[in-house]
Q: 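Quick one: this structure, given as structure tokens, is what I'll be asking you about.
First listed ligand is number 1; within each ligand, the first listed atom is number 1.
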Amino acid sequence: MKTCAIVGINWGDEGKGRMVDLLTEDYDVVIRYQGGGNAGHTVVNDYGKFALHLLPSGVFHPGVVNILGNGVALDAENLWIEIESLREKGVAISPENLKISDRASLLLPWHRELDALEEARLADKQYGSTKQGIAPFYSDKYQKKTVLAGELNDPEELREHLRELLEWKNLILTGVYGAKPYTMEELTAWVENYGGKIRPFLCDTGAYLRSAADAGKRLLFEAQLGALRDLDYGIYPYTTSSNAIAAYAPVGSGLPSARLDAVVGVVKAYSTCVGEGPFVCELFGEEASRLREAGGEYGAKTGRPRRVGPIDLVATRYGVQVQGATALALTKLDVLSYLQEIPVCVQYELDGVRTDSFPFPTTLKRAKPVLETLEGWNWEDLPEAARRYVEYIEARVGCPIRYVSVGPERDAIILR
Ligand code: GDP
């Protein structure tokens with residue numbers, strides 16, 4: 001498998017970081033192709049426990065080149081904080097092993113501020129943004145109202161460009177939200193400071209990837225969030241503002257001609273969801289607390305308790321389809337060991353009719369889960385029932401489960 005994408009099949013937080021960390025051993029280059037610092041991959045390895053927000057999970061492997069592609073929301077400030085915190089723990093990060101696309105657009109300080117202002121305006125109708133500026137950033141990118149990272153190499157031109165953006169953005173900040181305008185001094189100080197720090201990492205990552213592919217290097221594309229958060233195919237508007245699906249990997253990485261040999265979809269053995277929006281299989285009360293505690297389901301970026309539920313096979317089958325998954329990794333199976341009986345959502349009931357298909361986003365809130373229960377297991381004994389659980393999911397979802405993760409550590413994995 002020369003090219004492989006690792007993607008989320010559900011709502012995100014499926015354990016992609018842990019799978020990339022594991023699979024990176026077989027790859028030469030790891031590429032993040034979308035999203036920003038609004039979610040976090042948790043990786044546990046010899047260096048310790050890390051929540052990676054922007055950096056590709058390959059940074060822990062010596063010799064692996066990591067790329068932030070043109071599709072990411074390049075938050076120079078938070079990226080720099082992340083680089084520094086990893087360096088403190090002994091992880092080497094240099095322009096040799098981290099390359100940032102000069103075509104990535106910069107997330108500017110006002111994007112975070114606008115995110116918070118808009119969520120406050122929405123009050124009880126909030127989308128549940130992590131307030132990292134992702135939606136305002138991508139809006140501006142598509143309006144062509146932000147700057148490319150490569151512009152940092154031409155300070156004079158950049159200053160002129162920033163001045164134009166400032167004039168426009170201040171109209172929105174003051175006129176729409178009644179907020180304080182930015183000054184040119186504030187903006188240029190931020191850009192010079194954080195832009196200056198990441199400048200040494202910038203390069204034409206498209207050219208790098210083309211020559212890496214020509215030289216037969218193995219490329220691993222890493223997504224953030226999951227299929228149900230994809231801007232086009234997810235539960236709009238409770239999606240993220242970029243395309244998290246594998247099909248976007250070639251575009252967002254800088255190698256638009258790439259063809260994926262494999263797509264590994266990561267599925268958690270139960271469901272979790274962060275933020276607002278319909279979540280058909282949601283559990284509440286004591287049952288939810290026990291599952292949340294057992295799985296440590298708190299946001300990597302925000303610490304927010306995640307909504308939890310049984311595995312949702314309707315959503316999972318849909319996720320497998322839109323991702324074009326060729327194999328699955330089922331994670332956190334060990335977490336379910338406390339249950340005597342395991343609920344599984346096998347169908348939805350929508351307006352009195354049972355369905356296997358994932359409904360149109362706006363009708364989802366009327367859908368009710370149809371549950372079955374499978375036998376639980378005792379992990380100390382040979383978990384025959386655990387095996388049956390895996391086989392059952394595989395059959396219902398229609399994609400081979402190649403990896404079963406039974407712990408956060410690198411080697412807590414069963415290959416099938
Ligand atoms: P990501 O954004 O998809 O990488 O997901 P998260 O950062 O939320 O990662 C999932 C969490 O579960 C992390 O804390 C991992 O260390 C942990 N984890 C991953 N796989 C397993 C597993 O098989 N068992 C257990 N108990 N924890 C796991």
Side-chain angles (χ1 to χ4, degrees), residues 5-24 30 32-60 82 130 132 134 220-230 240 244-246 264-275 290-308 311 316 319 323 325 328-339 377 379 383 386 389-390 393 401-416:
I6 300 193
V7 294
I9 294 293
N10 304 122
W11 294 262
D13 306 314
E14 298 94 345
K16 292 177 295 298
R18 156 270 188 287
M19 288 308 299
V20 184
D21 187 55
L22 176 83
L23 296 183
T24 299
V30 180
R32 264 289 300 272
Y33 59 87
Q34 50 79 225
N38 51 327
H41 292 315
T42 312
V43 177
V44 182
N45 58 28
D46 294 345
Y47 294 102
K49 181 172 178 176
F50 299 90
L52 294 181
H53 301 294
L54 256 169
L55 286 171
S57 313
V59 285
F60 299 110
E82 204 170 310
T130 54
Q132 293 300 307
I134 303 301
L220 187 63
F221 301 90
E222 178 185 9
Q224 176 220 39
L225 295 169
L228 303 173
R229 297 293 188 214
D230 181 86
T240 194
I245 55 169
V264 175
V266 187
V267 179
K268 201 165 357 192
Y270 52 94
S271 303
T272 61
C273 162
V274 172
R290 285 196 70 192
L291 182 52
R292 186 177 301 114
E293 290 310 314
E297 297 297 347
Y298 295 88
K301 179 85 194 176
T302 57
R304 284 194 279 189
R306 292 175 180 153
R307 299 159 76 189
V308 297
I311 192 165
T316 301
Q323 293 289 16
L328 297 179
L330 187 71
T331 61
K332 303 191 91 163
L333 189 63
D334 53 305
V335 170
L336 298 180
S337 301
Y338 75 95
L339 286 165
W377 51 77
W379 203 248
Y389 184 77
V390 175
I393 292 165
I401 296 178
R402 292 252 180 275
Y403 310 89
V404 179
S405 172
V406 293
E409 305 79 17
R410 210 176 254 178
D411 56 0
I413 194 99
I414 300 164
L415 302 183
R416 294 172 78 232

Q: May I ask which of V20, D13, T331, I6 has a heavy atom nearer to atom 5 (O) of ligand 1 than the others do?
A: D13
Q: If we only count N/O pairs under 3.5 Å, is G17 in contact with ligand 1?
A: yes
Q: Got a sec, which residues hit ring pair (Phe, Tyr, Trp, His ring centres under 6.0 Å) with Y270, two or more places apart in sequence or on another chain?
A: none
Q: With sequence neighbours excluded, what pairs up with S405 under the side chain to side chain donor-acceptor pair (under 3.5 Å) test?
A: R18
Q: Testing K332, R307, R292 one by one against E297 for a salt bridge (charged side-chain N to carboxylate O under 4.0 Å, His left out), which residue passes?
A: K332
Q: Just to be sure I'm reading this right: ignoring hydrogens, which of D334, T272, L225 gets closest to atom 26 (N) of ligand 1? Compare them by their nearest heavy atoms.
A: D334
Q: Is there a heavy atom of G407 sitting under 4.0 angstrom from any atom of ligand 1?
A: yes
Q: What class does the angle between the rings of Y33 and F221 fall in, given that below 30° is parallel, 30 to 60° is tilted and above 60° is perpendicular?
A: perpendicular
Q: What atoms of ligand 1 come closer than 4.0 angstrom to any heavy atom of S405?
A: 20 (N), 21 (C), 22 (C), 23 (O)
Q: Any nitrogen or oxygen of G15, side chain or backbone, less than 3.5 Å from one on ligand 1?
A: yes
Q: Under 3.5 Å, side chain of E14 to main-chain N/O of G12, donor-acceptor pair present?
A: yes
Q: So if I count the atoms of ligand 1 from 1 in the order they appear, which ones are less than 4.0 Å from some heavy atom of V406?
A: 23 (O), 24 (N)
Q: By number and element, which atoms of ligand 1 are closer than 4.0 Å to a non-hydrogen atom of K16?
A: 1 (P), 3 (O), 4 (O)
Q: Is the backbone N or O of I401 less than 3.5 Å from a side-chain atom of R416, with the two atoms forming a donor-acceptor pair by type?
A: yes
Q: Relative to atom 8 (O) of ligand 1, which among R306, K49, K332, M19 owns the nearest non-hydrogen atom?
A: R306
Q: Does a salt bridge link D21 with R410, judged by any charged N lying under 4.0 Å from a carboxylate O?
A: yes
